[in-house]
Participant: 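Pasting in a structure now, in structure tokens, and then I'll have a few things to ask.
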Number of protein chains: 2
Amino acid sequence: MARTAGSDGERTQAAIRDAAVNLIARYGYEAVSMRQLAAEVGVQPAALYRYFPTKEDLLYDLMTAHMNALVASWETARPATGDATALLAAFVRNHINFHVERRHSTHVNNMELRSLSRDRLSTILRLRAGYEKELRQILRQGADAGLFTVEDVTLTAMAIIQMVTGVIVWFRPDERLSVAEVTDTYHKMTMRLVGARNA
Amino acid sequence: MARTAGSDGERTQAAIRDAAVNLIARYGYEAVSMRQLAAEVGVQPAALYRYFPTKEDLLYDLMTAHMNALVASWETARPATGDATALLAAFVRNHINFHVERRHSTHVNNMELRSLSRDRLSTILRLRAGYEKELRQILRQGADAGLFTVEDVTLTAMAIIQMVTGVIVWFRPDERLSVAEVTDTYHKMTMRLVGARNA
DNA sequence: CAGATAATAAAACGAACGTTCAATTAATTC
DNA sequence: GAATTAATTGAACGTTCGTTTTATTATCTG
């Protein structure tokens with residue numbers, strides 16, 4: 001057999017992306033074989049190569065999509081007006097919501113960086129650095145305005161990023177806490193962490 | 001050839017553990033082959049199997065050693081007297097010092113859990129849960145004594161753990177900051193995060 | 001110094017890996 | 001409705017994987 005009835009390139013490609021994110025998040029990039037992925041999609045292994053020339057191309061595609069979506073998400077959510085306290089609140093809320101909604105691709109982006117070639121790793125890290133810079137600017141602005149107590153902007157930014165991204169490690173929706181409750185508590189903790197005067 | 005001059009089982013086993021931690025931390029468990037590991041140790045692949053029956057046995061050995069060392073480290077460092085504020089300060093200091101000193105094995109323990117069998121995963125997670133329980137008890141004690149503001153003990157414990165463990169992701173000694181400076185800043189941030197009244 | 005044991009080498013096993021290529025069929029175009 | 005293009009299959013490629021087996025040599029024991 002060859003082309004199957006009702007087959008559609010775009011749908012197949014989307015199905016590959018979807019299955020890949022789920023499998024890689026669960027078993028890890030190296031542990032997932034192209035055969036396993038093809039079986040999950042319901043296709044022969046060779047068919048994957050029509051859409052992604054190599055396994056690493058597929059991984060890179062998933063990671064760039066994730067990072068671009070994250071940056072775009074903050075661009076949309078960032079308040080046009082407001083002081084550093086308002087900005088930081090919006091940042092934390094957006095960050096947690098985005099990552100909880102995309103647990104699997106977040107996992108892939110955090111765990112599989114070492115499977116990228118040098119150039120591609122650099123590109124992903126550059127996107128990430130740009131996003132983190134937004135947080136540092138908020139912290140600096142708050143410190144300069146006398147709203148925050150921040151010993152070291154870079155260090156505090158990393159601490160906050162690690163803390164809020166860590167939500168996806170343990171949090172599962174439909175449990176004891178709702179996303180809104182978690183976001184709310186993290187917001188309060190973040191405000192205390194930076195010693196916000198007007199939170 | 002066979003047994004080499006000056007060969008010693010204990011030294012070889014230690015060399016295997018050491019090389020394995022470094023290689024797995026850098027390239028990932030799945031990406032490191034037994035041949036690559038043997039080459040790093042300076043031995044033939046078959047020799048590894050005298051010390052570790054399977055590749056997974058080796059991984060499990062590294063992980064249990066790490067977790068046992070962590071628990072033992074806190075047992076030694078925990079103050080015999082002192083209120084929740086003193087306990088939390090000691091916990092954060094010990095946690096950061098331990099993990100910075102053992103960056104590579106921490107990385108292995110955080111990244112390679114999914115390569116363990118179910119039973120072994122359970123064992124590691126149980127050790128980890130016991131350690132995290134110590135932090136929750138400190139937080140509860142501080143909250144009950146009116147020293148801390150804690151919205152949710154479990155959630156705050158996870159936030160603190162993620163924040164302080166995250167140090168190893170970006171921190172490299174011999175840089176802009178010393179370990180002591182980093183620990184000091186994290187201590188202050190933690191105290192503010194829990195709203196400590198007497199820090 | 002002989003015998004036992006510990007430590008390793010050398011070679012091979014079958015299985016699984018990422019990937020390629022030619023053939024084949026479905027859908028689209030003219 | 002014939003020609004073209006898109007989508008996929010089926011089979012195979014060479015390589016690498018974790019692991020096992022057997023032989024060999026160094027060291028230790030009495």
Side-chain angles (χ1 to χ4, degrees), chain A residues 1-24 26-63 108 112 114-118 120, chain B residues 1-24 26-63 108 112 114-118 120:
Chain A
M1 294 159 217
R3 178 165 192 170
T4 54
S7 62
D8 175 329
E10 287 198 30
R11 275 215 321 275
T12 302
Q13 183 161 26
I16 293 172
R17 284 203 182 89
D18 198 56
V21 166
N22 287 312
L23 287 176
I24 296 173
R26 176 143 34 195
Y27 302 109
Y29 172 76
E30 296 275 0
V32 174
S33 71
M34 296 300 266
R35 286 169 178 80
Q36 186 183 356
L37 175 58
E40 184 81 9
V41 177
V43 103
Q44 292 298 315
L48 303 175
Y49 288 83
R50 181 177 177 79
Y51 304 96
F52 302 98
T54 70
K55 192 183 178 189
E56 195 211 323
D57 283 317
L58 170 55
L59 177 63
Y60 181 64
D61 178 281
L62 300 177
M63 288 188 164
V108 173
E112 311 298 350
R114 61 186 160 203
S115 294
L116 292 177
S117 70
R118 274 164 75 112
R120 288 174 161 178
Chain B
M1 295 162 214
R3 179 167 191 168
T4 55
S7 63
D8 174 329
E10 288 198 29
R11 275 216 322 276
T12 302
Q13 183 161 26
I16 293 172
R17 283 205 182 88
D18 198 56
V21 166
N22 288 311
L23 286 177
I24 295 174
R26 176 143 34 195
Y27 302 110
Y29 171 76
E30 296 275 0
V32 175
S33 71
M34 296 299 268
R35 285 168 178 82
Q36 185 183 356
L37 174 57
E40 185 80 8
V41 177
V43 102
Q44 291 297 316
L48 303 176
Y49 288 84
R50 182 176 177 80
Y51 305 97
F52 303 97
T54 70
K55 193 184 178 188
E56 196 211 322
D57 283 318
L58 170 55
L59 177 64
Y60 181 64
D61 179 280
L62 299 177
M63 288 188 164
V108 173
E112 311 297 351
R114 60 186 160 201
S115 293
L116 292 178
S117 69
R118 273 163 77 111
R120 289 175 159 178

Participant: Rounded to the nearest Å, what distance is computed from the CZ atom of residue R50(B) to the C1' atom of nucleotide dT5(C)?
Facilitator: 9 Å
Participant: Is the backbone N or O of S117(B) less than 3.5 Å from a side-chain atom of E56(B), with the two atoms forming a donor-acceptor pair by type?
Facilitator: yes
Participant: Show your reasoning for whether salt bridge (charged side-chain N to carboxylate O under 4.0 Å, His left out) applies to E112(B) and R114(A).
Facilitator: CA-CA 13 Å; E112(B) 311 297 351; R114(A) 61 186 160 203; 2.7 Å; yes
Participant: What are the two closest heavy atoms between E30(A) and A31(B), and how far apart are they?
Facilitator: OE2-CB, 3.6 Å
Participant: Hey, can you pull the residues of residues 10-20 of chain A with a non-hydrogen atom under 4.0 angstrom from DNA chain D?
Facilitator: T12(A)
Participant: Quick check: closest heavy atoms across L37(A) and A20(A), and the distance to 0.1 Å?
Facilitator: CD1-N, 3.6 Å
Participant: How would you label the contact of Y51(A) with the nucleic acid (heavy atoms, under 4.0 Å): base, sugar-phosphate, or nothing?
Facilitator: sugar-phosphate
Participant: First locate atom CG of D57(B), then atom CG of L62(B), and finally report the distance between them rounded to the nearest 0.5 Å.
Facilitator: 11.0 Å
Participant: Looking at every heavy atom in both I24(A) and V108(A), which two are closest together, and how far apart are they?
Facilitator: CG2-CG2, 3.9 Å
Participant: Work out how much the helix from dC1(C)-dG30(D) to dC30(C)-dG1(D) bends between its end axes, five pairs an end, to the nearest 10 degrees.
Facilitator: 20°
Participant: Does any N or O in the side chain of Y51(A) come within less than 3.5 Å of the main-chain N or O of L58(A), such that one atom is a donor and the other an acceptor?
Facilitator: no
Participant: How would nucleotides 16-22 of chain C be written as a contact map, 5' to 3', with B for base contact, S for sugar-phosphate-only contact and - for no contact, using protein heavy atoms under 4.0 Å?
Facilitator: -BBBBB-
Participant: Run the salt-bridge test on D18(A) and R11(A) with the 4.0 Å N-O cut-off and return the result as yes or no.
Facilitator: no
Participant: Round to a whole Å and report the spacing from CD of Q44(A) to C1' of dA7(D).
Facilitator: 13 Å
Participant: Kindly give the heavy-atom pair with the smallest separation between M63(B) and L116(B), and that separation in Å.
Facilitator: SD-CD1, 3.4 Å
Participant: So which heavy atom on L23(B) is nearest to which on E40(B), and how close?
Facilitator: CD1-CB, 3.9 Å
